[in-house]
Amino acid sequence: MSTTTERPITVPSFEELAKRVDDAVAALDGLDPAAREVAEELKSAIEAIHRAGLVTMVRRMRADDAAREALFDLVDDPGVHLLLSLHGIVRPDPVTHANQVLVSVRPQLNSHGGDVTLVRVEDGTAFVRLEGACNGCSMSSVTLRNLVEEALVQGVPAISAVEVLPNEPTPTLIPVEALRIGRDPASEGWVEVGPASDVVVDDLSPLSLTTTTGEHAEIIVVNAGQRLSAYRNECAHEALPLNNAVLDLGSNTLTCPWHGFCYDATSGECLSAPGAQLEQLPLRVDDGVVWVRVGR
């Protein structure tokens with residue numbers, strides 16, 4: 001009598017699958033035009049089949065009371081959420097979607113010496129601040145304001161109106177090298193992160209820090225154009241880690257990879273849910289070395 005041993009099924013990680021896609025897309029550039037056209041048509045056909053199947057599955061699960069809860073749980077999974085987003089079956093939260101739409105009009109605003117900042121989305125209304133040539137009474141500024149309103153109302157289904165907020169004075173930016181610690185930092189709960197030159201510019205760095213008294217903290221350091229900010233590594237929504245959060249320098253936002261909650265990158269204010277906030281930690285630079293205060 002013979003016995004067989006079943007081999008365990010190896011499921012590739014999300015990162016491994018994403019790399020395969022990236023490598024395949026990059027390989028398309030090396031094909032001659034005819035072969036590339038065939039490959040892209042094959043890719044498009046396979047995507048169409050996948051989308052049709054996914055749409056059917058989602059529709060049937062939403063129509064079934066017993067399956068609807070399971071569907072909502074599945075959508076919370078980052079891999080499933082990304083897959084459904086790629087096929088346009090689920091959409092990002094209104095703030096993320098609005099910021100994506102504003103990217104398309106920002107070059108035209110910039111060419112006229114203006115810009116726009118999305119402050120928040122609330123009850124179907126997008127609250128924005130206009131800068132430069134957009135913030136005036138001339139016909140050109142009115143045209144630019146109309147451009148922003150039209151883009152948001154037509155491009156984001158969740159937005160039905162746009163309100164322009166008055167501009168507020170912005171604080172003077174103090175270079176990080178001008179900030180100093182006057183007393184012994186270690187005795188006050190400060191932890192040395194490392195040289196400021198090692199903090200990756202225009203990116204975020206997840207770190208594990210421990211004080212001299214043994215207090216531990218998981219944090220992220222955000223370097224947005226040499227403006228450093230430190231936060232507890234917890235989304236204000238469900239306290240999930242922000243290691244793979246998306247830093248958008250154009251809108252100065254940090255978007256949680258789990259459920260799309262969007263934050264101001266340099267203040268930690270939540271733009272998706274007004275009133276929520278990332279826990280910001282004191283950060284200083286002393287003689288080119290970054291310190292973060294995680295203890296009391």
Side-chain angles (χ1 to χ4, degrees), residues 54-55 58-59 61-63 68-69 71-76 78 80-110 114-137 141-168 170 235-238 240 242 245-278:
L54 288 169
V55 167
V58 169
R59 284 177 176 172
M61 292 181 74
R62 290 186 64 179
R68 189 181 300 113
E69 185 176 350
L71 172 62
F72 293 157
D73 288 340
L74 284 171
V75 173
D76 281 341
V80 175
H81 190 278
L82 177 60
L83 178 63
L84 298 180
S85 297
L86 289 174
H87 289 284
I89 298 172
V90 297
R91 293 176 177 173
D93 69 280
V95 171
T96 302
H97 197 181
N99 276 316
Q100 292 171 347
V101 168
L102 290 178
V103 169
S104 65
V105 300
R106 186 164 277 116
Q108 189 170 347
L109 301 179
N110 294 161
D115 206 347
V116 59
T117 299
L118 178 68
V119 178
R120 67 182 185 275
V121 176
E122 187 175 316
D123 297 330
T125 299
F127 295 85
V128 302
R129 282 197 176 92
L130 301 174
E131 303 171 8
C134 300
N135 186 36
C137 300
S141 65
V142 172
T143 300
L144 295 177
R145 290 201 297 271
N146 290 341
L147 174 66
V148 170
E149 181 174 1
E150 181 179 355
L152 289 174
V153 172
Q154 294 187 4
V156 185
I159 293 176
S160 57
V162 176
E163 182 173 330
V164 178
L165 298 175
N167 283 341
E168 298 177 347
T170 55
C235 177
H237 177 214
E238 292 185 353
L240 293 169
L242 297 167
V246 178
L247 177 62
D248 185 341
L249 298 176
S251 59
N252 194 44
T253 57
L254 189 71
T255 302
C256 175
W258 299 96
H259 301 100
F261 272 58
C262 187
Y263 301 89
D264 183 287
T266 49
S267 72
E269 177 187 0
C270 184
L271 305 177
S272 302
Q277 180 95 15
L278 294 179

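Note that these values count all heavy atoms, side chains included, but never hydrogens, waters or copies made by symmetry.
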Which residues share a side-chain contact (heavy atoms from CB on, under 4.5 Å) with [X], sequence neighbours left out:
X	result
Thr125	Phe127, Ala161, Glu163
Arg59	Val55
Thr117	Glu131
Leu84	Leu54, Val58, Val75, Val80, Ile89, Val90

If I compare all heavy atoms of [X] with all of [Y], which pair ends up nearest, and what's the gap?
X	Y	result
Arg129	Val119	NH1-CG2, 3.5 Å
Leu118	Val95	CD2-O, 3.7 Å
Pro94	Val121	CB-CG1, 4.0 Å
Cys262	Asn99	SG-ND2, 4.2 Å

Going by atom type alone, with no hydrogens or angles, which donor-acceptor pairs under 3.5 Å involve a side-chain atom of residues 253-260 and a protein atom two or more places apart or on another chain?
{"from": "Thr253", "atom 1": "OG1", "to": "Ser251", "atom 2": "OG", "distance (Å)": "2.7"}
{"from": "Trp258", "atom 1": "NE1", "to": "Pro241", "atom 2": "O", "distance (Å)": "2.8"}
{"from": "His259", "atom 1": "ND1", "to": "His237", "atom 2": "ND1", "distance (Å)": "3.4"}
{"from": "His259", "atom 1": "NE2", "to": "Asp76", "atom 2": "OD1", "distance (Å)": "3.3"}

*asked:* So for atom CD, which belongs to Glu238, do other residues, nucleotides or ligands contribute more than 12 heavy atoms lying within a distance under 6.0 Å?
replied: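 Correct, the count exceeds 12.
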*Supply the atom-to-atom distance Leu130 CG to Leu165 CG, rounded to the nearest 0.5 angstrom.*
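If I round to the nearest 0.5 Å, the distance is 9.0 Å.
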*Drop me the distance from Leu147's CG to Arg145's CZ, to the nearest 0.5 angstrom.*
12.0 Å
*Leu242/Leu278 under side chain to side chain contact (heavy atoms under 4.5 Å, CB included): CA gap, chis, key distance, verdict*: CA-CA 10 Å; Leu242 297 167; Leu278 294 179; 3.8 Å; yes
_Met61 side chain near Leu74 side chain, heavy-atom distance below 4.5 Å_ =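 With C-beta onward as the side chain, the pair touches.
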_Partner residues of Arg62 under the side chain to side chain donor-acceptor pair (under 3.5 Å) criterion, sequence neighbours left out_ =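 Partners of Arg62 under the side chain to side chain donor-acceptor pair (under 3.5 Å) test: none.
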*Who passes side chain to side chain donor-acceptor pair (under 3.5 Å) against Ser267, sequence neighbours left out?*
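Asp264.
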*Examine distances only and state if a side-chain atom of Arg106 and a backbone atom of Val116 form a donor-acceptor pair shorter than 3.5 Å.*
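Such a contact is found between Arg106 side chain and Val116 backbone.
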*Hey, is the main chain of Ala236 close enough, under 3.5 Å, to the side chain of Tyr263 for a donor-acceptor pair?*
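Confirmed, Tyr263 side chain pairs with Ala236 backbone.
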